[in-house]
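What follows is a single structure, written as structure tokens, with notes after it.
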Amino acid sequence: MRDMKYERSMADPCMYYKWHKDEGLIIWLSWIDDCLCIGSRAGVQEAKNMMLKQFECDDIGFPSEYVGCKLTFNMKERSLIFTQPVLLQSFRDEFELGNSIAAPVTPMEPGRVLVKGAEENLVSNERQTYYRSGVGKLLKLIRWSRPEIQNATRELTRHFQGCVEGHIKAMHRVMQYAVTTPERGLKLKPNRTWNGKDKSCKFIIGGRSDSNFATCPDTRRSVSGWRVMLENCPITIKSVMQKIVALSVTEAELFAAVQCAQDMLFVMRILKSMQ
């Protein structure tokens with residue numbers, strides 16, 4: 001990257017950028033051995049040719065897939081949707097979802113909290129492995145394309161050490177919700193356009209947070225939920241158990257707000273790191 005005159009982002013070590021005199025901002029993203037180049041058509045072509053001089057690469061052209069995700073572009077409305085149809089198919093093939101095509105309205109029953117199972121009711125080691133495998137796939141799904149199942153999946157992850165059949169049933173419900181709504185995905189649709197050249201453009205970062213007070217019946221810890229938006233595009237979506245025991249609803253809400261603000265600052269630092 002140094003030889004190609006690209007600078008490394010100080011906020012994200014897997015992002016490299018260069019301000020081209022004529023073509024504006026050109027970005028490289030690296031994901032292990034997969035590289036994605038972003039910018040104007042001419043700028044990307046030049047960057048690609050420079051990379052091909054350095055390494056023997058497979059040029060797959062315009063990205064229809066990336067990191068296991070299907071990318072669906074709508075040029076008319078200037079939007080992009082991430083979906084994972086292969087992962088959804090694996091739910092049908094590998095898990096006991098039955099033949100029902102009815103979609104649950106929500107990933108989990110509203111207001112339900114999964115409690116620790118009694119030791120005498122714990123499933124066998126084989127069923128426990130089955131459960132961990134399923135929740136692991138759900139974690140991959142929420143990371144890239146289905147943030148709306150994140151809170152339900154967070155509940156499932158709390159029972160990796162010992163689950164009961166009720167937990168497996170709850171996992172099946174989340175999977176059923178996902179496979180019967182395959183058209184849904186993480187949608188990026190900015191509300192403004194940028195020419196890629198104007199460094200003086202001020203981007204708009206927004207955030208919303210919420211909390212659920214004393215959700216866990218065992219530890220009395222609360223849950224934080226927040227999202228960070230860049231030009232109306234969801235950049236970060238989180239649902240996590242708080243690391244402290246909040247003493248009031250106000251404290252729980254403030255804790256969630258601070259976590260949201262920290263992620264907003266990170267997005268700001270990424271933008272500033274590229275000037």
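Reckoned from all heavy atoms, side chains included, excluding hydrogens, waters and symmetry mates. In this text, all values refer to a predicted model and were calculated from it rather than measured experimentally.
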Quick one, [X] and [Y] - any side-chain contact, counting heavy atoms below 4.5 Å?
| X | Y | result |
| --- | --- | --- |
| P104 | T180 | yes |
| Q242 | S222 | yes |
| K189 | R78 | no |
| N151 | R154 | yes |
| L87 | K140 | yes |
| V113 | P217 | yes |
| M51 | F55 | yes |
| I205 | V228 | yes |

Test your reading of the model: is there a side-chain donor-acceptor pair from [X] to the backbone of [Y], 3.5 Å cut-off?
| X | Y | result |
| --- | --- | --- |
| Y131 | L156 | yes |
| R132 | F160 | yes |
| R8 | P13 | yes |
| E231 | I204 | yes |
| T106 | M108 | yes |
| N49 | Q45 | yes |
| Y17 | S273 | yes |
| T181 | R184 | no |
| S133 | T129 | no |
| Q128 | C163 | yes |

Provide the closest heavy-atom pair for R192 versus K202 in the form atom of the first, atom of the second, distance.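 Minimum heavy-atom contact is NH2-O, 2.9 Å.
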What pair of heavy atoms forms the shortest contact from L186 to P234, and how long is it?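 Heavy-atom minimum between the residues: CD1-CG, 3.6 Å.
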is_close_aromatic(F62, F73), centroid dist under 6.0 Å: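 When the ring centroids of F62 and F73 are compared, they turn out to be within the sub-6.0 Å range.
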Between F203 and W194, ring centroids under 6.0 Å: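 Close enough - the centres of the two rings lie under 6.0 Å apart.
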Residue pair Y130, F95: steps toward the ring-ring contact (aromatic ring centres under 6.0 Å, His included) verdict: CA-CA 8 Å; Y130 172 86; F95 297 90; 5.2 Å; yes
Could you go through the side-chain contact (heavy atoms from CB on, under 4.5 Å) check for M1 and K18 one step at a time? CA-CA 10 Å; M1 289 295 180; K18 178 169 72 174; over 6 Å; no
Apply side-chain hydrogen bond (donor to acceptor under 3.5 Å, both in side chains) to residues Y177 and R146 and explain how you reach the verdict. CA-CA 11 Å; Y177 171 85; R146 298 298 293 269; 4.6 Å; no
Evaluate the side-chain hydrogen bond (donor to acceptor under 3.5 Å, both in side chains) criterion for residues N212 and T215: first the C-alpha distance (whole Å), next the side-chain angles of each, then the deciding distance (0.1 Å), finally the verdict. CA-CA 6 Å; N212 199 13; T215 301; 3.2 Å; yes
List the steps and the verdict of salt bridge (charged side-chain N to carboxylate O under 4.0 Å, His left out) for E96 and R127. CA-CA 12 Å; E96 305 157 3; R127 291 291 280 173; 2.9 Å; yes
Shared ILVMFWY cluster between [X] and [Y], side chains joined below 4.5 angstrom?
| X | Y | value |
| --- | --- | --- |
| Y16 | I27 | no |
| F82 | L36 | yes |
| I60 | V44 | no |
| V86 | F91 | no |
| L114 | I149 | yes |

The test is side-chain contact (heavy atoms from CB on, under 4.5 Å); show your working for W19 and K199 and say whether it passes. CA-CA 10 Å; W19 284 93; K199 286 188 178 184; 3.3 Å; yes
Between K48 and D59, is there a side-chain N and carboxylate O pair less than 4.0 Å apart?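 Between D59 and K48 there is a salt bridge, with a charged N closer than 4.0 Å to a carboxylate O.
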Give a yes or no on whether a salt bridge exists between K187 and E77, defined as a side-chain N under 4.0 angstrom from a carboxylate O.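 The answer is yes: the pair qualifies as a salt bridge.
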Around atom [atom1] of [X], are there more than 12 heavy atoms from other residues, nucleotides or ligands closer than 6.0 Å?
| X | atom1 | result |
| --- | --- | --- |
| N125 | CG | no |
| Q161 | CD | no |
| E126 | CD | no |
| E183 | CD | yes |

Taking ring-ring contact (aromatic ring centres under 6.0 Å, His included) as the cut-off, I'd like each qualifying pair that reaches into residues 256-275, sequence neighbours left out, listed once.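 For residues 256-275: none.
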Have a look at S90 and tell me which of Q84, K137, M175 forms a side-chain contact (heavy atoms from CB on, under 4.5 Å) with it.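 Result for side-chain contact (heavy atoms from CB on, under 4.5 Å) with S90: K137.
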Determine, stepwise, if the pair Q259 / D263 fulfils side-chain hydrogen bond (donor to acceptor under 3.5 Å, both in side chains). CA-CA 7 Å; Q259 290 176 300; D263 273 355; over 6 Å; no
Please round to the nearest 0.5 Å and tell me the distance separating atom SG of C69 and atom CD1 of I81.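 One finds 12.5 Å between SG of C69 and CD1 of I81.
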Using 0.5 Å steps for rounding, measure from the CE atom of M241 to the CZ atom of R158.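 The CZ atom of R158 is 4.0 Å from CE of M241, to the nearest 0.5 Å.
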For the pair D210 and W226, evaluate side-chain hydrogen bond (donor to acceptor under 3.5 Å, both in side chains) and give the outcome as yes or no after the intermediate values. CA-CA 6 Å; D210 199 359; W226 71 92; over 6 Å; no
Apply the test side-chain contact (heavy atoms from CB on, under 4.5 Å) to residues V223 and S239: give CA-CA distance (whole Å), side-chain angles for both, the deciding distance (0.1 Å), then the verdict. CA-CA 7 Å; V223 174; S239 173; 3.8 Å; yes
Under the side-chain contact (heavy atoms from CB on, under 4.5 Å) rule, what do R143 and Q150 come out as? Steps first, then yes or no, please. CA-CA 8 Å; R143 180 173 187 181; Q150 189 168 149; over 6 Å; no
Starting from the C-alpha separation in whole Å, work towards a yes-or-no answer on salt bridge (charged side-chain N to carboxylate O under 4.0 Å, His left out) for R112 and E155. CA-CA 10 Å; R112 183 183 181 188; E155 279 286 299; over 6 Å; no
What class does the angle between the rings of W144 and W31 fall in, given that below 30° is parallel, 30 to 60° is tilted and above 60° is perpendicular?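 Ring orientation of W144 relative to W31: perpendicular.
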Start with the C-alpha distance between E7 and R2, add both sets of side-chain angles, then the distance that settles salt bridge (charged side-chain N to carboxylate O under 4.0 Å, His left out), and finish with yes or no. CA-CA 7 Å; E7 295 185 55; R2 279 195 294 267; over 6 Å; no
